[in-house]
Amino acid sequence: MIKVMSIFGTRPEAIKMCPLVKALEADGDIDSIVAVTAQHREMLDSALDYFGVRPKYDLNIMKRGQTLSTITADVILGLEELLKNERPDLVLVHGDTTTSFAAALSAFYAKCAVGHVEAGLRTYDKYSPYPEEMNRCLTSRIAELHFAPTEHSRENLAAEGIMRGVYVTGNTALDAFKYTVKPDWKFDDKRLSSLDFEHYRVITVTAHRRENQSGGIENVCRAILELAERHPELLFVYPVHLSPAVREPVFRLLDSHERIILTDPVDVADMHNLLSRSYFILTDSGGIQEEAPSFGKPVLVLRSETERPEAVEAGTVKVIGTDTARVVAEAERLLCDKDEYRRMSEAKNPYGDGHASERIIAAIKEYFAAN
Ligand code: UD1
Ligand code: UDP
């Protein structure tokens with residue numbers, strides 16, 4: 001048996017790791033253990049509950065006002081004993097959060113092999129996204145196995161001299177759809193279940209990134225207000241991240257408009273089915289850029305760059321930043337220019353076919369058969 005410990009802590013890691021954990025648990029050659037840091041609490045638990053994944057360990061580190069240093073220190077201290085006792089053959093981490101990097105570093109200290117799921121994404125700007133670009137670069141230095149979602153991410157790793165142990169697998173984000181996306185889905189969230197998709201064009205919004213917390217989110221809120229005023233056919237739905245740095249500006253600026261619905265974060269199935277029914281999406285999320293191409297929904301990315309150029313090449317994603325006038329102009333282009341909308345709403349997803357977990361497990365077995 002290969003003992004695999006999956007360690008994760010935030011919402012996007014959970015959504016993309018749970019389908020893999022389910023596949024690991026179902027594999028007779030693998031002893032699968034889950035440890036969560038709970039860098040996020042409610043948003044993590046929502047995903048764990050939805051997928052029915054029960055962690056063996058829970059570091060429960062989340063604090064209001066946590067900083068990059070406190071998250072890093074708490075993860076490393078919390079994992080030390082646990083890794084010493086469990087001695088997994090392989091630690092799996094995901095993506096680019098501070099949990100991912102700190103867990104990879106802890107595994108290295110414990111001399112456990114590390115597998116990096118969603119490896120090789122890069123912007124080559126160490127402050128954007130911050131701290132994610134550095135987290136993923138450092139995790140690549142530590143990992144033995146690199147599960148690159150695309151050929152492009154494999155090439156990024158190769159350009160850094162990382163050629164061994166690299167597998168192109170697709171992104172496990174798409175594996176999650178088989179648990180979540182249903183044509184006859186009934187929304188769990190009351191506000192979502194009463195949305196009138198027939199009469200309104202529903203625009204889904206999310207924004208939370210640290211780079212956008214010093215003005216960007218406010219600019220986007222002003223753009224949403226302007227669009228809502230100018231277009232009575234629009235209904236905005238914004239599930240607001242639980243970070244106080246996000247909630248304060250969003251509720252201050254948007255709480256009183258009847259066609260701007262602010263909700264708490266919704267569970268993953270509600271979110272995927274909301275994306276699939278939206279007219280287009282305004283977001284700074286990484287994961288949503290990977291998900292939306294499957295639904296053929298245009299995504300306007302509220303950032304200055306993206307580490308997901310495949311979705312831009314596929315035509316679904318456009319990077320527009322957070323300048324209020326630009327957000328309004330790009331949204332209006334999608335509303336008024338049928339050709340532009342059609343060009344961006346073709347459903348083809350460059351991030352895989354929903355079978356990334358199987359490829360990752362095959363690669364793990366190949367690695368342990370040879371080592
Ligand atoms: C983190 C990740 C980011 C990822 C994002 C996904 C880091 C440094 N950042 O950013 O890469 O894109 O998650 O959402 O790893 N909070 C709650 N309940 C929750 C979750 C968060 O109350 O379930 C509040 C807490 O007050 C917490 C704050 O949000 O202190 C910020 O959480 P944190 O994980 O530090 O930053 P995110 O912006 O969520
Ligand atoms: N998501 C969700 N509920 C919400 C908002 C987002 O389930 O209220 C999902 C979304 O579909 C995607 C993931 O959360 O799978 C993205 O997480 P987030 O934007 O927080 O992080 P990022 O991907 O930017 O790191």
Side-chain angles (χ1 to χ4, degrees), residues 8-19 36-51 60-72 74-75 93-103 118 121 129-136 139 171-177 179-181 188-189 191-192 204-213 217 237-248 262-276 278 281 283-292 294-295 297 299 301-303 306-308 351:
F8 50 91
T10 68
R11 168 174 68 192
E13 295 165 74
I15 291 171
K16 297 187 215 175
M17 285 299 278
C18 283
V36 294
T37 65
Q39 175 180 334
H40 285 172
R41 184 72 276 169
E42 300 88 339
M43 288 159 57
L44 171 76
D45 291 345
S46 164
L48 291 172
D49 285 350
Y50 187 79
F51 288 100
N60 198 25
I61 67 161
M62 193 189 87
K63 299 184 188 84
R64 210 180 148 91
Q66 63 198 12
T67 65
L68 300 179
S69 306
T70 62
I71 302 167
T72 308
D74 289 348
V75 171
V93 299
H94 180 278
D96 54 21
T97 70
T98 294
T99 283
S100 322
F101 162 59
E118 196 176 283
L121 279 65
Y130 169 83
E132 291 84 0
E133 176 71 5
M134 190 51 67
N135 283 343
R136 57 195 172 213
T139 304
N171 196 306
T172 56
L174 282 74
D175 298 23
F177 293 152
Y179 296 92
T180 59
V181 180
D188 196 40
D189 182 279
R191 312 277 299 280
L192 299 191
T204 299
V205 185
T206 80
H208 72 277
R209 303 224 83 81
R210 273 175 166 71
E211 310 85 84
N212 282 340
Q213 290 176 4
I217 290 176
V237 182
Y238 188 164
V240 189
H241 192 291
L242 293 179
S243 172
V246 175
R247 293 178 85 78
E248 188 285 317
L262 303 181
T263 70
D264 281 341
V266 297
D267 77 26
V268 59
D270 268 5
M271 189 64 187
H272 287 174
N273 289 288
L274 174 65
L275 295 175
S276 76
S278 299
I281 297 146
T283 192
D284 66 6
S285 166
I288 292 175
Q289 293 177 60
E290 294 152 352
E291 293 166 346
S294 286
F295 306 125
K297 301 299 175 175
V299 181
V301 175
L302 307 165
R303 293 170 52 175
T306 182
E307 58 289 274
R308 290 161 170 96
Y351 295 106

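Whatever order the structure lists them in is the order used to number ligands and atoms, beginning at 1.
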To atom 10 (O) of ligand 1, the nearest of Lys63, Arg210, Met43 on a heavy-atom basis is Arg210
For Pro239, which part has a heavy atom under 4.0 Å from ligand 2: side chain, backbone, both, or neither? side chain
Top protein contact for atom 3 (C) of ligand 1, by heavy-atom distance: Glu132 OE2, 3.1 Å
Quick one: look up the protein heavy atom nearest atom 39 (O) of ligand 1 and list residue, atom name and how far away it is. His40 NE2, 2.7 Å
Options Glu290, Arg11, His40, ranked by nearest heavy atom to atom 4 (C) of ligand 2, top entry: Arg11
Using distance alone, decide if ligand 1 has a nitrogen or oxygen within less than 3.5 Å of any nitrogen or oxygen in Thr10. no
Side chains of Thr72 and Thr98: do they bring a donor and an acceptor to under 3.5 Å? no
Arg209 touching ligand 2 at heavy-atom level, < 4.0 angstrom: yes
Taking 4.0 angstrom as the limit and counting only heavy atoms of His272, give me the atoms of ligand 2 inside it, by number and element. 11 (O), 15 (O)
Should one rank Arg64, Arg41, Gln39, Met62 by closest heavy-atom distance to atom 22 (O) of ligand 1, which comes out on top? Met62
Starting from atom 12 (O) of ligand 1, which protein heavy atom do you reach first, and at what distance in Å? His208 NE2, 2.9 Å
Please state which protein non-hydrogen atom is closest to atom 8 (C) of ligand 1 and give its distance, to 0.1 Å? Thr98 OG1, 3.2 Å
